[in-house]
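One structure is given here, and the rest of the page talks about it.
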2 protein chains.
Amino acid sequence: MPVSKKANGTIRMRDVAERAQVSRMTVSRALNSPESVNETLRNRVLEAVQELGYVHNHLARSLSSRRSNVIGLVLPSLENSIFSQTVKGISDVLRPLGYHLMVAESSDDPEDEEQVIAAFLAQRVGGLILHSTNHSPTAVRMLKASDTPVVENGDFPVDPVDMVVSYSNRAAAKAMTLHLARLGYKRIVFAGLAANPRAAERQRGFQDALAEIGQKSDRKHAVAVSRGFGGGTEAISYIEANVPDADALFCAGDVLAVGALLECDRRGWAVPDRLAIASFDDLDLMRHVSPAITSLRLPRYEIGRRSAQMILDRIEERTMPVTTIDLGFEIVQRASS
Amino acid sequence: MPVSKKANGTIRMRDVAERAQVSRMTVSRALNSPESVNETLRNRVLEAVQELGYVHNHLARSLSSRRSNVIGLVLPSLENSIFSQTVKGISDVLRPLGYHLMVAESSDDPEDEEQVIAAFLAQRVGGLILHSTNHSPTAVRMLKASDTPVVENGDFPVDPVDMVVSYSNRAAAKAMTLHLARLGYKRIVFAGLAANPRAAERQRGFQDALAEIGQKSDRKHAVAVSRGFGGGTEAISYIEANVPDADALFCAGDVLAVGALLECDRRGWAVPDRLAIASFDDLDLMRHVSPAITSLRLPRYEIGRRSAQMILDRIEERTMPVTTIDLGFEIVQRASS
DNA sequence: TTGTAGGCGTTATCAC
DNA sequence: GTGATAACGCCTACAA
């Protein structure tokens with residue numbers, strides 16, 4: 001089969017049009033709304049597309065139509081596997097409808113996030129899903145001015161940019177703390193992460209719970225540790241040095257909890273007899289370690305699905321969707337507490 | 001349906017130009033090559049940009065200039081934290097030069113990958129980094145016809161699309177197997193993953209090593225298990241049922257190895273005395289479990305860095321870079337073997 | 001150093 | 001159902 005190629009290499013719609021002996025508009029329609037084109041013509045067009053190896057230019061399409069089929073997602077980190085479920089939830093909605101997801105990383109730093117948001121807006125994405133709820137003023141201004149549908153995900157912002165789909169970090173942490181108290185633990189230590197706004201909310205929830213059960217808030221009972229498994233080790237060392245009579249450790253992150261468990265193992269501390277352990281977020285790993293770790297299961301997949309749906313509803317002007325959705329959480333009690 | 005639509009729509013370069021009392025070209029230049037514009041004018045332009053909240057339209061820019069500042073990355077999965085280092089390596093090169101990374105997922109399925117590649121090409125990305133080396137014929141044809149710089153990453157393909165930056169899965173697996181043999185292990189079992197081309201190469205390397213030390217290849221000594229921690233559990237069960245005298249287990253993936261270690265723990269099998277364990281890929285977790293797991297350290301960060309550099313070199317026509325780079329690997333011996 | 005003209009590849013719009 | 005024409009917002013090329 002003869003493959004003709006323009007001098008500059010790229011094949012355009014007009015080349016397809018010439019080959020199929022139709023106008024450019026017919027090619028455009030055959031590609032975008034096939035049912036609106038006579039079958040004979042449509043087939044001629046699609047054949048020409050195949051023969052020439054034509055690839056639709058979405059830049060030009062978006063520029064002209066003023067809409068894009070790309071949705072942007074901004075994650076604090078790609079290192080953290082808790083987000084993979086959210087990504088899957090989003091993709092499952094977008095893919096069948098011809099939209100595409102593009103992911104970028106913000107490092108949980110509002111400056112970085114601003115850069116990334118600016119880049120997405122410059123690309124004129126059709127919508128934006130942000131995990132962080134802590135944005136620079138400039139970022140917020142840009143987002144609002146752009147009229148781009150936005151969903152925030154990681155928590156309930158005090159002042160939402162637009163739509164929100166989340167669970168409450170504070171409520172979840174409070175519930176877990178009350179759960180531990182109900183199991184009889186008296187001196188619970190909370191291990192959080194510095195410079196992580198969601199971990200900070202979790203710490204507030206922890207304190208809410210202590211207040212509710214009438215326990216005096218002791219600063220010693222909350223500590224900020226590093227990210228990663230090492231943070232769990234730090235938490236255990238902290239307990240040994242500062243709260244030796246602690247009977248439970250509630251970690252703001254899953255990896256932390258595993259790190260802590262491994263450190264207990266190394267020291268020969270029995271879990272949960274010497275120290276109970278509970279975790280935020282229910283990674284697969286939580287049920288594979290021994291003892292399996294009690295944790296909060298969060299609706300990560302559903303958050304992705306609903307976020308994508310709300311964006312699409314807005315883009316396709318189907319409805320004026322509810323702007324804030326609380327998807328709750330669930331406590332999974334296991335052997336570690 | 002009454003949708004709130006801004007009276008004036010979006011702000012364009014011409015609006016900025018009017019406000020700053022210059023031509024559109026001066027605005028364009030002030031944004032793209034500031035040094036080529038008189039300081040006074042430049043400041044007037046940048047001021048107007050601020051005041052109007054103008055956001056550069058990269059769609060129009062790319063369409064007109066026929067170049068894009070977006071680089072696409074296709075990963076088999078976003079669930080796997082081994083890729084986060086590569087992402088960081090790429091970002092570290094791209095960001096300072098004004099390029100942006102967009103990530104998409106292929107599920108290690110050539111069909112899915114083809115879709116994702118088509119989407120990236122339709123967006124006319126400036127370059128593409130593919131972790132998989134196993135593409136559909138259509139995908140390869142599209143890539144080659146597009147003239148887009150491409151780097152493949154996950155292994156050395158038999159027939160590269162374009163550039164390659166990787167280590168050899170086969171060579172690495174062979175080296176680790178020889179290492180275990182040198183330590184005195186006589187009956188090594190290999191646990192791989194079904195439907196993962198890189199794991200298949202690793203199995204070949206395993207067999208290469210056995211052949212080299214003159215050990216008869218026994219089909220029983222290789223098994224395919226599921227992904228995730230559960231796969232490690234399966235591997236141990238397999239050994240108990242089929243190769244009870246095995247003295248070492250070499251896992252094609254890090255998560256597998258941890259799963260296996262945890263299962264040994266549960267069964268009371270001493271590691272490495274009853275069974276040694278070694279892993280492909282050196283996740284943080286490997287040195288935190290006890291015993292720490294012997295593993296292959298792969299140049300994930302460097303792979304990202306070099307890949308991005310090669311793409312940029314090609315885009316900016318700096319050089320005609322070497323097309324295949326082998327970054328090697330390293331064996332990290334720990335207590336588990 | 002700055003400006004003018006025209007084109008990048010597509011779609012919206014309005015005729016036919 | 002199909003086609004002609006004029007945008008979409010920017011940049012290349014050239015002129016001043």
Side-chain angles (χ1 to χ4, degrees), chain A residues 5-45 48-49 52-70 98 121-124 126 146-147, chain B residues 5-6 8-45 48-49 52-70 98 121-126 146-147:
Chain A
K5 207 168 168 183
K6 296 242 30 163
N8 81 22
T10 319
I11 290 136
R12 301 150 304 172
M13 222 175 231
R14 90 186 297 158
D15 302 319
V16 176
E18 271 170 24
R19 175 150 195 139
Q21 309 266 47
V22 295
S23 73
R24 280 176 293 173
M25 271 318 298
T26 300
V27 176
S28 176
R29 285 192 267 254
L31 259 29
N32 294 314
S33 49
E35 70 286 356
S36 75
V37 175
N38 173 295
E39 192 180 337
T40 319
L41 247 43
R42 184 173 63 225
N43 289 336
R44 230 158 70 200
V45 169
V49 165
L52 297 175
Y54 169 70
V55 177
H56 201 144
N57 188 330
H58 284 186
L59 288 180
R61 194 231 311 251
S62 297
L63 179 60
S64 181
S65 66
R66 293 145 158 259
R67 50 203 335 271
S68 159
N69 65 342
V70 175
L121 291 180
Q123 298 299 332
R124 299 297 191 268
S146 75
D147 244 36
Chain B
K5 202 173 173 183
K6 301 195 73 175
N8 203 10
T10 323
I11 290 137
R12 302 150 302 173
M13 227 175 224
R14 91 186 296 157
D15 303 318
V16 177
E18 271 168 25
R19 176 146 194 144
Q21 309 265 48
V22 296
S23 74
R24 281 177 285 175
M25 269 319 296
T26 302
V27 176
S28 176
R29 284 192 269 254
L31 259 30
N32 293 315
S33 49
E35 69 286 355
S36 75
V37 175
N38 174 296
E39 191 179 338
T40 320
L41 281 190
R42 184 174 63 225
N43 289 336
R44 229 157 72 200
V45 168
V49 165
L52 297 174
Y54 169 70
V55 177
H56 201 144
N57 188 329
H58 285 184
L59 288 181
R61 196 240 291 264
S62 298
L63 180 61
S64 179
S65 67
R66 294 146 159 268
R67 50 203 337 269
S68 159
N69 65 341
V70 175
L121 291 181
Q123 299 299 330
R124 299 296 190 268
V125 291
S146 75
D147 245 38

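Note: hydrogens, waters and symmetry copies are ignored here, and every other heavy atom, side chains too, is used. Every chain is numbered from 1, with letters handed out A, B, ... down the list of sequences.
Between B:His56 atom NE2 and D:dC11 atom P there is a gap of 4 Å when expressed in whole angstrom units. Distance A:Asp15 CG to C:dC8 P: 11 Å, rounded to the nearest Å. Put simply, CZ on B:Arg12 is 12 Å from P on D:dA7, counting in whole angstrom units. Atom-to-atom, CD1 of B:Ile11 to C1' of D:dC10 comes out at 16 Å; the value is rounded to the nearest Å. For B:Arg67 and D:dC11, the CZ to C1' distance is 12 Å, given to the nearest whole Å. Between the C1' atom of C:dG7 and the CG atom of B:Leu63 lies a distance of 9 Å, rounded to the nearest Å. For the pair A:Asn57 CG and D:dC8 P, the interatomic distance rounds to 18 Å; values are reported in whole Å. Between the CD atom of A:Gln21 and the C1' atom of D:dT2 there is a distance of 15 Å, given to the nearest Å.
A distance of 6.0 Å separates NE2 in A:His56 from OG in A:Ser28, rounded to the nearest 0.5 Å. Here the OG-CD distance, from A:Ser62 to B:Gln123, works out to 6.0 Å after rounding to the nearest 0.5 Å. Between the NE2 atom of B:His58 and the CG atom of B:Asn69 there is a distance of 5.0 Å, given to the nearest 0.5 Å.
No donor-acceptor pair closer than 3.5 Å links the side chain of A:Arg29 to the backbone N or O of A:Val37. A distance-only check finds no donor-acceptor pair linking the side chain of B:Arg42 to the backbone of B:Ala30 [under 3.5 Å]. In this structure, the side chain of B:Arg24 does not engage the main chain of B:Met13 through any donor-acceptor pair within 3.5 Å.
A close approach under 4.0 Å does occur between a side-chain nitrogen or oxygen of A:Ser23 and OP1 or OP2 of D:dG3. A sub-4.0 Å separation between OP1 or OP2 of D:dC8 and a side-chain N or O of B:His58 is absent. Proximity of B:Arg66 to the phosphate of D:dC10: no side-chain N or O atom is located under 4.0 Å from OP1 or OP2. Using a 4.0 Å cut-off, no side-chain N or O of A:Arg24 falls inside it from OP1 or OP2 of D:dT2.
Of the residues in residues 25-34 of chain B, those lying under 4.0 Å from DNA chain D by heavy-atom distance are B:Met25, B:Ser28, B:Asn32.
Here the closest heavy-atom approach between residue B:Thr10 and residue B:Asp15 is recorded as O-OD2, 3.9 Å.
At a cut-off of 3.5 angstrom, the base of D:dC10 holds at least one donor-acceptor pair with the side chain of B:Ser64.
Within 4.0 Å (heavy atoms only), A:Leu59 reaches no atom of the nucleic acid at all.
With DNA chain C read from its 5' end, the first of the two nearest nucleotides for A:Met13 and B:Val37 is the one closest to B:Val37.
Comparing C:dT2, D:dC10, D:dT12 by their closest approach to the side chain of B:Asn38 singles out C:dT2.
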